[in-house]
Amino acid sequence: MKRRDFVKIFGLASGGLILGCNVSSDKLMVNSLEDGISFVPNLFIQLQKDGKVTIVVTRSEMGQGIRTSMASAIADEMEADWNFVSVKQATGDVKFGDQNTDGSRSIRTLLHPMRKMGAMAKIILEKTAAKKWNVSQSECKAENHYVIHVKSNQKLFFGDLVDEARKIAIPNENELTLKQKKDFKYIGKNLKSIDIKDFTTGKAIYGLDARLPNMKFAAITRCPVTYGTVKNYDDSDAKSIFGVEKVVKLDPLKPSVGEQFFGMLGGVAVVASNTWSAFQGKNNLDIEWNFSENESYDSSSFNDTLVKRVEKQAKVVPPSKGNVEKAFKEGNQVVEATYSMPHLAHAPMEVPNAVAWFQDQKCEVWAPVQNPQSVRAEIARFFELELENVTVNVTLLGGAFGRKSKADFVIEAVVLSKEVKAPVQVVWSREDDIQNGFYHAQSAQYFKGSLDKNGDVTGWLYRAAFPSITSLFKPMSDYVAGFELGMGFNNLPYQIDNIQIENAKAESHVRIGWLRSVSNIISGFGVNSFVDELAVASGKDGIDFRLNLIGKDREIKKRFQHTFSSARLKNVLLKVKKLSNWGKELPNGHGMGVALHYSFYSYVASVVEVSVINNKVKVENIYSIIDCGLYVNKDNVINQMEGAAIFGMSIALYGKISMKNGAVEQSNFHDYQMTRIKDAPNIKIEIIDNDQEPTGVGEPGVPPIATAICNAIFNATGKRIRKLPLLEHGMV
Amino acid sequence: MKTLSINGKSYQIDVPDSMPLLWAIRDIIGLTGTKFGCGVAQCGACSILINGVSVRSCSTQVSQAIGKEVTTIEGSSPNLEYLRKAWEEINVPQCGYCQSGQLISATALLDSSENPTDEDIDRMMNGNICRCGTYTRIRKAIHRAVELKNEKL
Ligand code: FES
Ligand code: FES
């Protein structure tokens with residue numbers, strides 16, 4: 001087997017061969033580890049003679065810890081000593097397999113193949129040593145950077161095997177054996193981030209830190225109304241500012257219908273010798289716009305429209321079953337409620353930015369992107385370049401949350417570099433980020449449920465309306481797409497005999513984008529809040545009520561998906577009950593709320609304790625349990641879950657982006673607020689230990705938080721919050 | 001030409017007085033550890049020390065640092081070193097982007113308070129946003145840095 005075929009065989013590649021080697025000018029990023037000297041058993045591992053191991057990480061690092069997790073999984077199977085390991089970031093290239101860092105799927109989809117990559121290196125090293133000693137391979141065992149001949153207790157250092165290992169044939173997949181869980185050295189243990197020293201010394205390189213000789217800095221004013229264009233502009237003031245070199249009008253770039261590209265909005269760009277001058281120049285532009293038809297968008301009145309729509313019959317979607325009307329008629333109690341949530345923006349701490357250098361029909365990019373292959377393809381498409389002439393280097397991402405999946409900022413940099421014939425860094429101001437982003441959809445949700453005389457749920461009507469992400473790629477996508485409904489709407493984990501799911505129309509007037517946990521933010525809030533209302537109506541304990549609603553142990557298998565297990569969901573609920581000491585005596589003004597959510601194939605339950613004093617909410621404690629199957633870096637999973645709790649708090653307390661006359665009303669962190677350290681509660685996280693397949697971690701912690709906070713507020717005060725954020729209720 | 005002294009080294013730069021230090025440090029001098037987050041003194045990502053006092057470099061003009069000693073995350077101080085160690089032990093960062101500013105603010109805190117309480121920490125660190133949500137670890141790490149320092153003494 002040829003080395004390059006190895007990836008294909010393990011189902012990682014989407015069909016590519018190794019393309020021309022454009023080794024990037026940046027030492028941190030890599031297209032190939034082959035150097036003619038080291039042992040490079042596959043695309044992901046390089047062992048040098050001094051024992052140093054370099055591992056290629058193909059997914060983008062945005063705080064979720066993938067560089068550490070992926071490398072440690074490979075090192076574990078390889079029996080590499082972690083102290084010898086460093087990582088390099090892969091450029092965007094199909095030969096590395098899918099690199100789209102999104103959907104909490106890196107570990108879920110890559111853990112197994114990456115472990116095999118490590119096992120492959122190990123087996124070759126064992127074979128090499130066996131050959132040297134002239135013994136059978138079965139007598140040799142790799143351990144902690146050495147191969148040991150068990151009988152004689154001789155040892156050979158990994159680095160000393162490099163020359164010989166290069167000559168050994170690549171083993172077949174069936175020769176590889178993976179470790180037993182009990183033998184793991186790194187998987188399931190606690191590892192510090194492999195970048196920790198760089199983080200604490202300012203050496204970590206994010207997109208915004210990319211620097212090239214002669215690089216220009218650019219800032220762009222984009223139309224405040226989505227898809228508006230420049231009518232005319234006066235740049236005389238801008239041009240007189242220190243450092244400003246050029247002003248460039250940018251026409252919008254729009255992909256064709258159905259293409260999964262993002263293009264760019266267009267506007268007027270100021271190119272300068274430094275970021276500040278570019279910003280100043282931008283602020284001194286005088287631009288007249290052709291506002292698009294989106295100018296009529298008023299998000300608050302549109303929310304009223306959505307509420308009206310969900311309070312009327314809408315389009316029924318599967319898997320509706322039974323007869324809800326009959327259930328409602330026969331029910332002992334009927335409960336109804338409507339919830340709404342506003343648009344949200346990602347606001348990663350590092351704003352969107354990119355460096356591009358376009359020259360001689362070639363383009364190289366350094367940028368914080370979640371999906372470098374799609375960026376590469378998009379550049380090739382819009383600038384009519386051969387794919388192999390486009391290199392996308394992935395820097396660290398200073399947070400992303402879905403924003404950096406949509407690389408309009410890279411396209412802007414490429415256009416400008418082509419125009420000014422120099423490397424250009426495009427920097428979005430925070431105002432740009434808040435006002436010209438891709439927004440999480442605003443939503444309305446209506447529920448009607450019935451309880452029989454035992455307080456058991458007999459009927460469930462769920463009607464939701466929110467603009468779909470599909471509208472980015474296909475105009476007139478006015479209904480929620482199947483993949484969005486699959487995030488908590490039509491896959492309820494509850495056993496109810498009569499269910500009807502409906503979807504009402506919702507047009508989009510801004511660019512709708514996915515944000516950490518996506519539509520689960522909406523369903524997580526609606527479903528859990530309504531279940532809480534039903535639980536209260538039943539008079540039962542909230543956790544007992546939910547356990548009963550999840551119903552008997554069952555497994556649901558769907559093609560291409562992980563099996564859903566109701567037992568695992570009940571288990572996280574029982575565990576959080578214990579962890580939070582649910583039902584304990586609470587001080588005056590305190591309340592506890594619970595929520596659970598199944599997303600990205602992981603099971604999460606959270607309990608929140610709040611205090612409400614003089615109508616002001618303080619989140620005191622958050623307890624979350626996650627069952628994500630086999631996990632790689634325990635401390636990292638905990639860190640992600642803590643972060644998800646804070647992220648969910650931002651949604652509950654402050655999260656609101658609103659549009660008037662088509663333009664976003666918020667502009668920076670003073671009016672689009674984030675949870676700060678003063679708000680931060682005590683957070684306790686526990687992870688379920690089991691032998692199940694690995695599932696998502698980055699996102700599943702978010703959906704239960706906002707709703708658990710509101711359920712806790714109800715518990716403390718009797719006041720039901722059906723519209724977020726709490727800021728609008730004067731409660732923060 | 002102006003002279004800025006940063007982390008004990010002097011740099012000659014030719015920029016207007018009114019240029020914010022953040023951009024002089026990042027784009028002109030080329031020290032990129034100090035981060036841009038908001039540009040309006042709302043997030044703390046750009047925090048630096050001027051003569052030991054924590055300031056937001058996005059909202060501080062170059063002229064205000066002339067003749068003074070600037071410390072950025074690339075620099076060092078006894079408390080910064082304890083904090084670094086504690087940050088590493090507790091594995092504080094996620095994306096890491098805000099952490100330069102967090103560490104600088106925490107240094108200023110420890111420089112002014114020997115054993116800060118949670119309330120002191122919250123008060124001093126409230127200007128530093130971490131979108132990844134590492135706050136509980138930041139609190140823990142500051143307490144740990146105090147411990148490390150006391151072990152040393
Ligand atoms: S960039 Fe200076 S405080 Fe945000
Ligand atoms: S670690 Fe990402 S913003 Fe703080």
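Predicted model, so just to flag it, every value in this text is computed and none were measured. Below, each value reflects all heavy atoms present in this structure, side chains not excepted, and no hydrogens, waters or symmetry copies. Labels below follow one simple rule: chain letters A, B, ... track the order of the sequence lines, proteins then strands, and each chain is numbered from 1.
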- Query: What part of B:Ile138 gets closer than 4.5 Å to chain A, counting heavy atoms only: side chain, backbone, both or neither?
  - Reply: side chain
- Heavy-atom distances under 4.5 Å only: say whether B:Glu89 touches chain A with side chain, backbone, both or neither. backbone
- Message: Determine whether a donor-acceptor pair (N or O, by modelled atom type, separation under 3.5 Å) exists between the side chain of B:Arg131 and the backbone of A:His346.
- Response: yes
- Taking only Lys NZ, Arg NE, NH1 and NH2, and the carboxylate oxygens of Asp or Glu, determine whether B:Lys35 and A:Asp209 approach each other closer than 4.0 Å. yes
Which pair of heavy atoms, one from [X] and one from [Y], lies closest together, and at what distance?
X: A:Arg676; Y: B:Asn128; result: NH1-N, 4.2 Å
X: A:Leu191; Y: B:Asn91; result: O-ND2, 3.7 Å
X: B:Gly96; Y: A:Phe199; result: CA-CD2, 3.8 Å
X: A:Lys678; Y: B:Asp122; result: CG-CB, 3.8 Å
X: B:Tyr135; Y: A:Ala680; result: CB-CB, 3.6 Å
X: A:Met62; Y: B:Cys95; result: O-CB, 3.4 Å

- Task: Assess whether side chain to side chain contact (heavy atoms under 4.5 Å, CB included) is satisfied between B:Thr32 and A:Arg211, documenting all intermediate values.
- Result: CA-CA 9 Å; B:Thr32 55; A:Arg211 292 287 180 267; 4.0 Å; yes
Top residue by heavy-atom pair count (under 4.5 Å) with chain A, among [options]?
options: B:Arg84, B:Gln99, B:Glu119; result: B:Arg84
options: B:Ile90, B:Val40, B:Leu83, B:Thr134; result: B:Val40
options: B:Cys98, B:Ser18, B:Ala45; result: B:Ser18

Do you know which of [options] has the most heavy-atom pairs under 4.5 Å to chain B?
options: A:Glu350, A:Gln640, A:Met674; answer: A:Glu350
options: A:Leu208, A:Ile683, A:Asn636, A:Val351; answer: A:Leu208
options: A:Met649, A:Met215, A:Glu642, A:Arg516; answer: A:Glu642
options: A:Leu397, A:Asp635, A:Thr675; answer: A:Asp635
options: A:Asp679, A:Asn639, A:Ile646; answer: A:Asn639

Is it the backbone or the side chain of [X] that comes under 4.5 Å from a heavy atom of chain B, or both, or neither?
X: A:Phe242; answer: side chain
X: A:Ala347; answer: both
X: A:Lys192; answer: both
X: A:Ile241; answer: neither
X: A:Asn668; answer: side chain

Just how far is it from atom [atom1] of [X] to atom [atom2] of [Y], taken to the nearest 0.5 Å?
X: B:Glu81; Y: A:Thr200; atom1: CD; atom2: OG1; result: 8.5 Å
X: B:Trp87; Y: A:Ile196; atom1: CH2; atom2: CD1; result: 10.0 Å
X: B:Met19; Y: A:Gln280; atom1: CE; atom2: CD; result: 9.0 Å
X: B:Cys38; Y: A:Met349; atom1: SG; atom2: CE; result: 7.0 Å
X: A:Ile677; Y: B:Ile129; atom1: CD1; atom2: CD1; result: 12.0 Å
X: A:Asn274; Y: B:Ile28; atom1: CG; atom2: CD1; result: 4.5 Å

- Residues B:Asp27, A:Phe217; criterion side chain to side chain contact (heavy atoms under 4.5 Å, CB included); working and verdict: CA-CA 9 Å; B:Asp27 295 355; A:Phe217 297 81; 3.5 Å; yes
- Message: Contact between A:Trp276 and B:Cys58 at the side-chain level, heavy atoms closer than 4.5 Å - yes or no?
- Response: no
- Heavy-atom side-chain proximity of B:Gln42 to A:Gln673 below 4.5 angstrom: no
- Message: Is the distance between the ring centroids of B:Trp23 and A:Phe279 under 6.0 Å?
- Response: yes
Do other residues, nucleotides or ligands put more than 12 heavy atoms under 6.0 Å from the [atom1] atom of [X]?
X: B:Lys140; atom1: NZ; answer: no
X: A:Lys189; atom1: NZ; answer: yes
X: A:Lys618; atom1: NZ; answer: yes

